[in-house]
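Since the structure is predicted, the reported quantities are computational estimates derived from the model, not experimental observations. Residue indices begin at 1 and follow the sequence shown. Only this structure's heavy atoms are used, side chains among them; waters, hydrogens and symmetry mates stay out.
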Amino acid sequence: SIYAQALDLDGNRASQAGNQLNIKIRPYVAPTILLPADNTASLENQPTIAGVALNDSKINIYIDNKLTGATNIRNHQSGVGNFAYKIQQPLKRGQTYLISASAIDNITERESSASNHVKLTVNHYYIAPTLLKIATLEKNQPTILGIARNDSKIEVLVNNKIDGSLKVQ
């Protein structure tokens with residue numbers, strides 16, 4: 001509510017309150033994260049966060065509720081622009097993160113509430129195993145030599161069917 005009243009030169013109230021106006025101040029609209037999609041996994045440990053928000057906004061990016069970085073909106077004639085922010089610090093592989101954003105109006109400096117939350121898991125990057133040679137062939141069972149990443153499970157396929165598996169230590 002807003003109203004006015006007159007005061008004398010000593011600061012004492014000299015009039016009754018004038019007309020009262022009720023003003024509703026609406027919160028600034030939160031951005032919407034479009035990429036990555038919620039509940040996804042990625043090999044990229046420095047993903048790009050992209051979405052939309054009102055023109056003339058600064059976008060704050062949060063990972064696990066901690067401010068990670070900021071970018072400005074690319075304005076569009078419709079009044080809703082887009083943003084993209086590439087995470088600067090690599091995320092740890094094998095962990096799941098909660099990503100959100102807020103928008104700050106560049107004109108009024110009002111900040112929105114949090115955007116939609118996106119859950120992203122950063123997977124370990126595995127290099128395909130490499131077959132080097134067939135070492136021996138006894139009783140129609142070859143011994144195959146190759147290399148693979150430690151702590152991985154290797155499946156051996158013969159004619160596109162799993163023939164066996166082993167764990168690389």
Side-chain angles (χ1 to χ4, degrees), residues 25-135 141-169:
I25 298 175
R26 296 177 188 220
Y28 197 61
V29 178
T32 300
I33 296 176
L34 301 174
L35 292 174
D38 190 24
N39 291 315
T40 58
S42 174
L43 291 176
E44 178 62 50
N45 66 346
Q46 288 180 276
T48 297
I49 311 304
V52 294
L54 294 176
N55 281 353
D56 299 316
S57 295
K58 173 184 162 188
I59 307 300
N60 286 333
I61 304 295
Y62 298 88
I63 297 180
D64 293 335
N65 296 317
K66 293 180 184 169
L67 181 62
T68 301
T71 189
N72 288 312
I73 203 84
R74 284 186 285 272
N75 287 344
H76 186 268
Q77 64 186 9
S78 69
V80 176
N82 62 67
F83 66 89
Y85 177 80
K86 185 170 179 73
I87 301 297
Q88 301 300 306
Q89 292 293 328
L91 301 175
K92 291 182 182 176
R93 295 186 182 281
Q95 293 189 16
T96 300
Y97 298 91
L98 192 63
I99 300 169
S100 63
S102 68
I104 298 175
D105 183 345
N106 287 335
I107 298 166
T108 65
E109 298 184 356
R110 288 187 303 153
E111 185 169 5
S112 73
S113 58
S115 68
N116 56 313
H117 288 75
V118 171
K119 189 162 55 168
L120 175 71
T121 301
V122 180
N123 285 338
H124 290 283
Y125 183 74
Y126 286 96
I127 299 170
T130 302
L131 300 178
L132 299 175
K133 69 177 187 173
I134 297 175
Q141 291 187 336
T143 299
I144 301 169
L145 299 178
I147 56 174
R149 184 181 187 275
N150 284 344
D151 298 322
S152 59
K153 178 182 174 185
I154 304 299
E155 293 180 334
V156 178
L157 290 91
V158 176
N159 295 326
N160 292 324
K161 293 182 181 173
I162 296 176
D163 186 64
S165 65
L166 62 115
K167 181 159 175 84
V168 178
Q169 301 292 332

Which pairs would a plain distance check flag for residues 145-152, meaning a side-chain donor or acceptor within less than 3.5 Å of a matching protein atom at least two apart in sequence or in another chain?
| from | atom 1 | to | atom 2 | distance (Å) |
| --- | --- | --- | --- | --- |
| S152 | OG | R149 | O | 2.5 |

Quiz prompt | Shortest non-hydrogen contact from L91 toward P47 | solution = CD1-CD, 3.9 Å
Quiz item: Which atom pair, heavy atoms only, marks the closest approach of P31 to A103?
Solution: CD-N, 3.6 Å
Quiz prompt | Check: N123 side chain, A41 main-chain N or O, donor-acceptor pair, under 3.5 Å | solution = no
Quiz item: Can you tell me how far the CD1 atom of I87 sits from the CD1 atom of I49, to the nearest 0.5 Å?
Solution: 4.5 Å
Quiz item: If you round to the nearest 0.5 Å, how far is OG1 of T32 from CG of L34?
Solution: 6.5 Å
Donor-acceptor pairs under 3.5 angstrom involving side-chain atoms of residues 50-70: please list them, not counting sequence neighbours.
| from | atom 1 | to | atom 2 | distance (Å) |
| --- | --- | --- | --- | --- |
| N55 | OD1 | H76 | N | 3.0 |
| N55 | OD1 | G81 | N | 3.3 |
| N55 | ND2 | H76 | O | 2.6 |
| D56 | OD1 | N75 | ND2 | 2.9 |
| S57 | OG | Y28 | OH | 2.6 |
| S57 | OG | L54 | O | 2.7 |
| Y62 | OH | E111 | OE2 | 3.4 |
| D64 | OD1 | L98 | N | 2.9 |
| T68 | OG1 | I63 | N | 3.4 |
| T68 | OG1 | K66 | O | 3.2 |

Quick one: side chains of residues 159-169, donor-acceptor pairs under 3.5 Å with protein atoms, not counting sequence neighbours, listed by atom name and distance.
none

Exercise. Sorted by first residue and then second, give each side chain to side chain donor-acceptor pair (under 3.5 Å) pair with at least one member in residues 35-48; sequence neighbours left out.
Key: none
Self-check item: Within residues 82-101 or reaching into it, pairs that qualify as side chain to side chain donor-acceptor pair (under 3.5 Å) - sequence neighbours excluded
Solution: R74-N82, Q95-Y97, T96-T121
Quiz item: Excluding sequence neighbours, so at least two apart, what forms side-chain hydrogen bond (donor to acceptor under 3.5 Å, both in side chains) with S113?
Solution: none
Quiz prompt | Stepwise side chain to side chain contact (heavy atoms under 4.5 Å, CB included) test for S115 and I33 | solution = CA-CA 7 Å; S115 68; I33 296 176; 3.6 Å; yes
